[in-house]
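Below, chain A is the first sequence line, B the second, and so on; all start at residue 1. These numbers come from a predicted model, not from an experiment.
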Amino acid sequence: MAAPATAVARAAELRATIEEHNHRYHVLDAPSVPDAEYDRLVRELEAIEAEHPDLVTPESPTQRVGARPDSGFATVRHALPMLSLANAFEDPDAGDDDRARYREVADFVRRIEEALDLRDPAFSVEPKLDGLAISLRYEDGRFVQGATRGDGETGEDVTANLRTIRALPLKLRGSDWPRVLEVRGEVYMPKAAFEAWNAAALAAGERLMANPRNGAAGSLRQIDPAVTARRPLAFFAYSVGLVERGELPDTHSATLARLRDWGFPVSAETDVARGFDGLVAYFRRIGSRRDALPFDIDGVVYKLDRFDQQRVMGFVSRAPRWAIAHKFPALEESTTVLDIEVQIGRTGAVTPVARLAPVQVAGVTVTNATLHNEDQIARLDVRVGDSVVVRRAGDVIPEVVRVVVERRPPHAVPWRMPGQCPVCGAQLQREEGQAAWRCTGGLSCAAQRKEAIRHFASRRAMDIEGLGERFIEALTDFGFVETIADLYRLTLDDFLAMKRRAEEREGVVPETVKQGKIATRWAENLLEAIDRSRRTTLARFLFALGIPQVGETTAKTLAHWIGRLEYVRRMPAAVLRALPDIGAEVAESIAAFFAQPGNQSVVQGLLDAGVAPADEHPPAPELRDRLDLGTLLSQLPVDKLGGKSAQRLAQSYGTLEALLQAGPTGWTGAGLSAQGAANLEQWLADPLQRQSLLQADVSMRELLDAAPAQAERGAAPLHGQTWVLTGTLASMGRDEAKAKLEALGAKVSGSVSKKTHALVAGESAGSKLDDARKHGVQVLDEAALLALLQSHGG
DNA sequence: GCACCTCGAGTTCC
DNA sequence: CTCGAGGTGC
């Protein structure tokens, strides 16, 4: 049966595309699409050719592996061809069943079990390095020739360059080696070396390497071996080709051990696994350590361990039936930018987001990726319609890595930040020296209102369970809620009405009686959750208000030092500035928030609605050590009135009244320079400024008067220590562990530095472990943490 | 004035 | 988790 025209056309198209990628990858060392996409194209072509064998031509890319070597190096014929392995990928649509998810691996094992008539055969298993495959020829124990893999039959003679790799033995150890030995392995660039290289190249303004594999390939193809010698290349051996006048062991794993004896580096991750379950267990084990390995891998390789069994299985075309490469889900994929939209955050910050054609990356479907800010878009030059490479690396959040410029549609235009907020229409502006654009709409912008409510209800703030994004959207859109204070006025009927309208809008069918009961129950729960939130802590309440620059930590600082909302909301910036970690900027932001009439009425509305931060306590006694008239004076924007002279003035007069009474002549007598006295007098001449100083003084004294004379609590066991948490703990959540450590007096911060007292590392801890090692910080595991908490009665 | 620490804010998917 | 920027100590 002749192939249909569509198949003919598609096959031709695929061949052209694959050849182009081959050329870019193998000859130019400059791939333009991720490997996963290349693999997919080849598989599609293979599928078409399998269905329509008449379409197979000798020139088809499926009929050879790799590309013809470029000029510059002599061609070498491998004594035994270098194999290519069949690839097994995960089926992302399969359920939890391993045999369905790794169907190709299961089939591979089953074929072997059937052909050999045995169960759970032994496999030699190893990580699949993402480097450059090479073949090394040793005669009488000496390295005589090395070649790239090329198309598997012939490669390029890169002997001189390979000699520069220190991991590669030029002379074999021991004496029991065959007269002629071909060793196969992978040249690669360790991740750390790659990063160091690029950091240096960046500093020197030289060209960067795209990734470690490209770095290795480019380095090996240098005409001048002296250049290669400077590149940080390494090598692992993984199999043997031709052997003349010598014996090898009976198994692959024993052969690897022999290679090690002869002086070849062999990956420490190699192992022996039995049957399908053993293979999958190994796959998972290596996968979980993927980021921690010092080299890039793109999967693992399974080889039937016994050579006699390998011989029974034989080959299909050029791929062995006794080995398979099990690939990890791709970390990089390419897709199309459908649109670039902007999102408005709680603070009005404008974040551009790329809407993407859905694509599978590392096991999940990605449809959005942040583009951070205007500068980032300009750097990448992302345009609507572009093909982009999306990555989901060690972290979870997808990012756009680069644009595939060759595929840019002809009329794509550079992206431009809109002038107005897409939600409220207010002007967008970018402040001097800031990366972010902001919507100037404030709380008249629906997006900012919604985000403010979402933040207020969030777990770390007021913790109103059940008040998710969808309902906040509906509550604000239908006018049930304008500000966070309105939440506490909502009734059962409001919730039911809101739900009905939301369902109407979404086109959901009218509710049955039974659904009505469920809805009532839902509304009751929500009402109860809102009611519960009335009793909260001052720190949570302050955090929930969403004061710019005030996050969880600063809210805790305010709550701890000042103690009562009444004081916090009335305290001028000059006083707030006396608190640790609160500087001019943050202090102004807090004072400005509470001075703004709209915010005042919201806060008052919350209090009137019965919201009561519960654990109010007097201001911290230590305030007396950091806050006095001197510190207040030293913050005045008056020239020649510094910290020292401010202290002298304060000491001479004791009170602000006395100081004001004395006037400039008295001040000079108290140690202020004539110029300073004149400046101060001039500043005080403005009645508004004079008034604000008097008010600040009153507030400060009120605060100090309320503070107990001395600390009443004993020293906490971990007082003054900074702890850091990383990884996942089995027995408790991170928040819980943080709270328990804080209860013992420790400060829990997010990053490791030399000031850190200890790092608690849970499962799959990441880069913070390295930081701890670098700074010589002690590392505790979960058991040690539990023991510590126990010993302090936690 | 600079280097180093922290904190705040924003982000994706299930 | 990362980036940007505020706070602090040298």
Side-chain angles (χ1 to χ4, degrees), chain A residues 92 96 291 329 341-356 358-376 379 390-400 430-439 447-448 451-452 454-455 458 460-461 468-469 539 542-558 573 576-590 626 635 643 722-728 734 738 747-757 764-771 774-775 777:
Chain A
D96 282 342
D291 290 335
E341 291 174 8
V342 297
Q343 283 177 359
I344 311 296
R346 168 168 66 88
T347 61
V350 179
T351 309
V353 179
R355 307 284 173 217
L356 305 169
V359 63
Q360 288 278 325
V361 186
V364 302
T365 310
V366 171
T367 50
N368 301 310
T370 176
L371 294 167
H372 299 295
N373 53 46
E374 192 182 27
D375 295 347
Q376 174 79 355
R379 211 158 28 235
V390 179
R391 173 168 55 198
R392 215 168 147 254
D395 51 344
V396 195
I397 296 171
E399 58 173 349
V400 173
R430 184 175 181 174
E431 261 168 68
E432 196 72 31
Q434 293 218 316
W437 285 72
R438 282 181 195 282
C439 164
Q448 293 186 53
E451 289 302 309
R454 201 154 72 105
H455 172 74
S458 67
R460 310 175 85 97
E469 195 162 350
L542 289 171
F543 175 52
L545 290 177
I547 304 164
Q549 314 257 44
V550 176
E552 229 181 342
T553 309
T554 306
K556 274 183 192 162
T557 302
L558 289 170
L576 294 171
R577 200 154 149 17
L579 304 185
D581 301 323
I582 293 181
E585 194 97 7
V586 177
E588 286 297 346
S589 173
I590 298 167
R626 0 174 99 241
Q635 283 159 43
T722 305
W723 286 57
V724 177
L725 299 166
T726 186
T728 316
R734 280 260 281 269
K738 183 177 176 186
K747 222 164 104 70
V748 178
S749 114
S751 53
V752 175
S753 71
K754 60 179 181 231
K755 289 184 183 169
T756 308
H757 183 83
S764 63
S767 57
K768 282 177 199 168
L769 257 181
D770 301 337
D771 294 343
K774 199 167 71 194
H775 290 109
V777 169

Sidechain-backbone polar pair: [X] side chain, [Y] backbone, donor-acceptor under 3.5 Å:
X	Y	value
A/S589	A/P548	yes
A/R626	A/A578	yes
A/H455	A/F543	yes

[X] [atom1] to [N] [atom2]: how many Å, rounded?
X	N	atom1	atom2	result
A/E588	C/dG6	CD	P	13 Å
A/E399	B/dT12	CD	C1'	12 Å
A/I547	B/dC7	CD1	P	17 Å
A/R379	C/dT2	CZ	P	16 Å
A/K755	C/dG7	NZ	P	15 Å
A/L356	B/dT11	CG	P	15 Å
A/I582	C/dG6	CD1	C1'	12 Å
A/Q549	C/dG4	CD	P	16 Å

With side-chain hydrogen bond (donor to acceptor under 3.5 Å, both in side chains) as the test, would you mind laying out the steps for A/T347 and A/R438 before giving the verdict? CA-CA 8 Å; A/T347 61; A/R438 282 181 195 282; 3.0 Å; yes

Taking only side-chain N and O atoms of [X], does any of them lie within less than 4.0 angstrom of OP1 or OP2 on [N]?
X	N	answer
A/Q343	B/dT11	yes
A/K747	B/dC7	yes
A/T370	B/dT12	no
A/K754	B/dC5	yes
A/T367	B/dC13	yes
A/T365	B/dC13	no
A/N373	C/dC3	no
A/T347	B/dG10	yes
A/T553	B/dT6	no

Between A/T351 and A/Q343, do the side chains contain a donor N or O and an acceptor N or O under 3.5 Å apart?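 No donor-acceptor contact under 3.5 Å links the two side chains.
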
Could you check whether A/A436 gets within reach of a base, just the sugar-phosphate, or nothing at all, counting any heavy atom under 4.0 Å? nothing

Is any side-chain N of the basic residue among A/R430 and A/D375 closer than 4.0 Å to the acidic one's carboxylate O?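 Salt bridge present between A/R430 and A/D375.
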
By nearest nucleotide on DNA chain B, pick out whichever of A/V752 and A/P352 is the more 5' one. A/V752

Of the nucleotides B/dG8, C/dG6, B/dT12, which one has an atom closest to the side chain of A/V586? C/dG6

Nearest of B/dT6, B/dG8, B/dT12 to any side-chain atom of A/P398?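 Among B/dT6, B/dG8, B/dT12, the one nearest the side chain of A/P398 is B/dT12.
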
